Number of protein chains: 2
Amino acid sequence: MLQLTKRTEYGLLALVHLADREGAVASVREICERYPLPKRTVAEVLKDLQHAGLVDSTRGSSGGYTLARAPEQVTLGDVVRALEGAPPLTTCESPIVLKGGGCEVQPMCPIKSPIQRVRERLWQMLEHTTLRSLVSSGPHVSLGAPGAVESN
Amino acid sequence: MLQLTKRTEYGLLALVHLADREGAVASVREICERYPLPKRTVAEVLKDLQHAGLVDSTRGSSGGYTLARAPEQVTLGDVVRALEGAPPLTTCESPIVLKGGGCEVQPMCPIKSPIQRVRERLWQMLEHTTLRSLVSSGPHVSLGAPGAVESN
DNA sequence: TCCAAAGCGCACCCAAAAGGTGCTAATTGC
DNA sequence: GCAATTAGCACCTTTTGGGTGCGCTTTGGA
Ligand code: SF4
Ligand code: SF4
């Protein structure tokens with residue numbers, strides 16, 4: 001389907017939160033207190049983002065996550081790649097060789113290369129959408145002073 | 001997932017074939033003899049395309065499908081809409097009201113409107129990719145004279 | 001020293017979607 | 001009438017996505 005997964009949404013929300021925190025660590029609990037999201041799943045997503053090198057983690061009682069790069073350096077494409085894996089758009093032309101030998105239509109397929117062009121343009125779009133642009137545009141109600149509020 | 005379904009691929013291949021036929025009817029059997037595709041599923045897809053008004057059907061022993069519009073008038077977006085239904089990209093902002101009241105994050109969601117902009121650009125892209133451009137670009141081995149070859 | 005709060009890892013379950021099939025009509029040319 | 005074709009609907013199977021259970025490790029602070 002032509003749709004982002006919830007995992008990707010969770011990841012984006014978490015990253016936006018981290019970007020707001022400007023380098024301060026933010027725990028999963030903190031994120032889930034700000035947005036009504038399933039805590040465990042968000043934790044899973046953050047872990048994946050950590051593996052992808054998009055966030056750094058610190059363990060221990062006052063641990064949490066921080067952005068690993070500046071918000072300008074993180075793109076929607078990075079997040080999708082980290083959380084949804086391979087980006088094939090069609091079943092052929094996926095980077096990894098697929099079991100079964102791939103698509104039988106391939107040798108005579110008239111739509112393969114046009115579709116690939118579409119895919120490339122789509123990914124260009126995703127790569128050009130930075131976390132910074134997400135943070136600065138939306139309605140995005142401001143937090144209180146960093147580290148001050150968060151009543152719960 | 002950010003990926004087209006097989007149904008959409010089948011639909012595109014079928015439409016390309018119909019475009020080649022230039023107004024002549026083509027049966028599901030004929031299409032599946034040209035491309036190694038599961039006959040029944042392709043039939044199902046064609047039926048959906050018919051409901052969406054993209055193809056016309058004629059029943060009976062020498063029946064089949066024909067393009068309902070010129071190849072320039074059919075876009076990738078039309079096909080996706082016909083075969084994958086609603087195009088939300090996120091779970092909020094889908095045209096229909098969803099059960100459960102929709103996303104709880106919505107009132108404070110910082111990524112909603114940026115994501116929608118991405119969605120719009122994506123669909124612009126899909127709407128600007130016509131069936132004609134698919135037919136004329138790919139490797140697309142030419143058929144014999146229309147109605148002549150097709151040995152099987 | 002101990003405990004609570006956080007992340008880590010893995011496996012597992014449940015629901016939804018995608019892909020595909022069975023079967024039975026209805027239509028139409030030969 | 002017969003064979004080829006589309007129409008309609010229901011059903012199954014596999015895959016994917018979303019979400020949890022449970023125990024472990026790390027670390028700061030009471
Ligand atoms: S070769 Fe053509 S039909 Fe096969 S997966 Fe690629 S685009 Fe789809
Ligand atoms: S989190 Fe934001 S973008 Fe995602 S569904 Fe909710 S309101 Fe829409």
Side-chain angles (χ1 to χ4, degrees), chain A residues 1-11 13-14 18 24-33 36-52 55-66 68 80 83-88 90-91 94 98-100 103-104 150 152, chain B residues 1-11 14 18 24-33 36-52 55-66 68 80 83-88 90-91 94 98-100 103-104 152:
Chain A
M1 237 208 305
L2 213 42
Q3 181 178 326
L4 298 175
T5 65
K6 287 216 173 88
R7 287 170 52 88
T8 303
E9 266 184 64
Y10 297 164
L13 288 170
L18 291 186
V25 295
S27 66
V28 172
R29 181 185 49 75
E30 182 184 315
I31 295 175
C32 290
E33 278 166 355
L37 303 176
K39 189 170 173 182
R40 280 291 305 282
T41 306
V42 171
E44 217 68 21
V45 167
L46 264 300
K47 198 175 49 178
D48 290 348
L49 290 177
Q50 197 270 328
H51 282 141
V55 298
D56 292 326
S57 67
T58 39
R59 300 170 60 157
S61 80
S62 67
Y65 293 94
T66 59
V80 172
L83 298 179
E84 307 191 10
T90 53
T91 42
S94 79
L98 19 111
K99 78 283 182 186
C103 179
E104 288 297 325
E150 298 301 317
N152 36 9
Chain B
M1 239 211 301
L2 211 44
Q3 179 177 327
L4 298 175
T5 64
K6 286 216 173 87
R7 287 170 53 87
T8 303
E9 267 185 63
Y10 297 164
L18 292 185
V25 294
S27 66
V28 171
R29 182 185 47 77
E30 182 184 316
I31 295 174
C32 290
E33 278 165 356
L37 304 176
K39 190 170 172 181
R40 280 294 304 285
T41 307
V42 172
E44 217 67 22
V45 168
L46 263 301
K47 199 175 48 180
D48 289 348
L49 290 178
Q50 197 269 328
H51 282 141
V55 299
D56 292 326
S57 68
T58 39
R59 299 168 63 156
S61 81
S62 66
Y65 295 94
T66 59
V80 172
L83 298 178
E84 307 191 10
T90 53
T91 42
S94 79
L98 18 112
K99 79 285 180 187
C103 179
E104 289 296 327
N152 37 7

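Just so it is clear, the values below take in all heavy atoms, side chains as well, and ignore hydrogens, waters and symmetry mates. All chains are named by letter (A, B, ...) in the order of the sequence lines, taking the proteins before the strands, and each is independently numbered beginning at 1. If you're wondering where the values come from, they're calculated on a predicted model, not measured in any experiment.
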4.5 Å side-chain heavy-atom contact, T41(A) and K6(A):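 Side-chain contact under 4.5 Å: no.
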Nucleotide of dG18(D), dT21(C), dT6(D) approaching S57(B) most closely (side-chain heavy atoms): dT6(D)
Which residues share a side-chain contact (heavy atoms from CB on, under 4.5 Å) with T58(A), sequence neighbours left out: V25(A)
Residue list, side-chain contact (heavy atoms from CB on, under 4.5 Å) with A43(A), at least two apart or on another chain: V28(A)
L18(A) side, atom CG; L46(A) side, atom CG - distance, nearest 0.5 Å: 6.5 Å
How many whole angstroms separate atom [atom1] of [X] from atom [atom2] of [N]?
X	N	atom1	atom2	result
K47(B)	dA10(D)	NZ	P	11 Å
R40(A)	dG7(C)	CZ	P	12 Å
L49(B)	dT6(D)	CG	C1'	14 Å
K39(A)	dT20(D)	NZ	P	12 Å
L4(B)	dA18(C)	CG	P	12 Å
L2(A)	dA17(C)	CG	C1'	15 Å
E84(B)	dA18(C)	CD	P	7 Å
D48(A)	dT16(D)	CG	C1'	15 Å

Could you pull out the protein-nucleic contacts involving nucleotides 28-30 of chain D (nitrogen or oxygen on both sides, under 3.5 Å)?
unit_1, atom_1, unit_2, atom_2, d
dG28(D), O4', S61(A), OG, 3.3

Sugar-phosphate, base or nothing in reach of T41(B), heavy atoms under 4.0 Å: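 Base contact.
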Distance check: side-chain N/O of [X] vs OP1/OP2 of [N], anything under 4.0 Å?
X	N	answer
Y65(A)	dC8(C)	yes
R29(A)	dA5(C)	no
Y10(A)	dG18(D)	no

Any N/O donor-acceptor pair, R7(B) side-chain to dG19(C) base, under 3.5 Å: no
Side chain to side chain donor-acceptor pair (under 3.5 Å) partners for T8(B), two or more places apart: T5(B), E84(B)
Residues forming a side chain to side chain donor-acceptor pair (under 3.5 Å) with E44(B), sequence neighbours excluded: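 Testing E44(B) for side chain to side chain donor-acceptor pair (under 3.5 Å), a comparison that skips the adjacent residues, returns K47(B).
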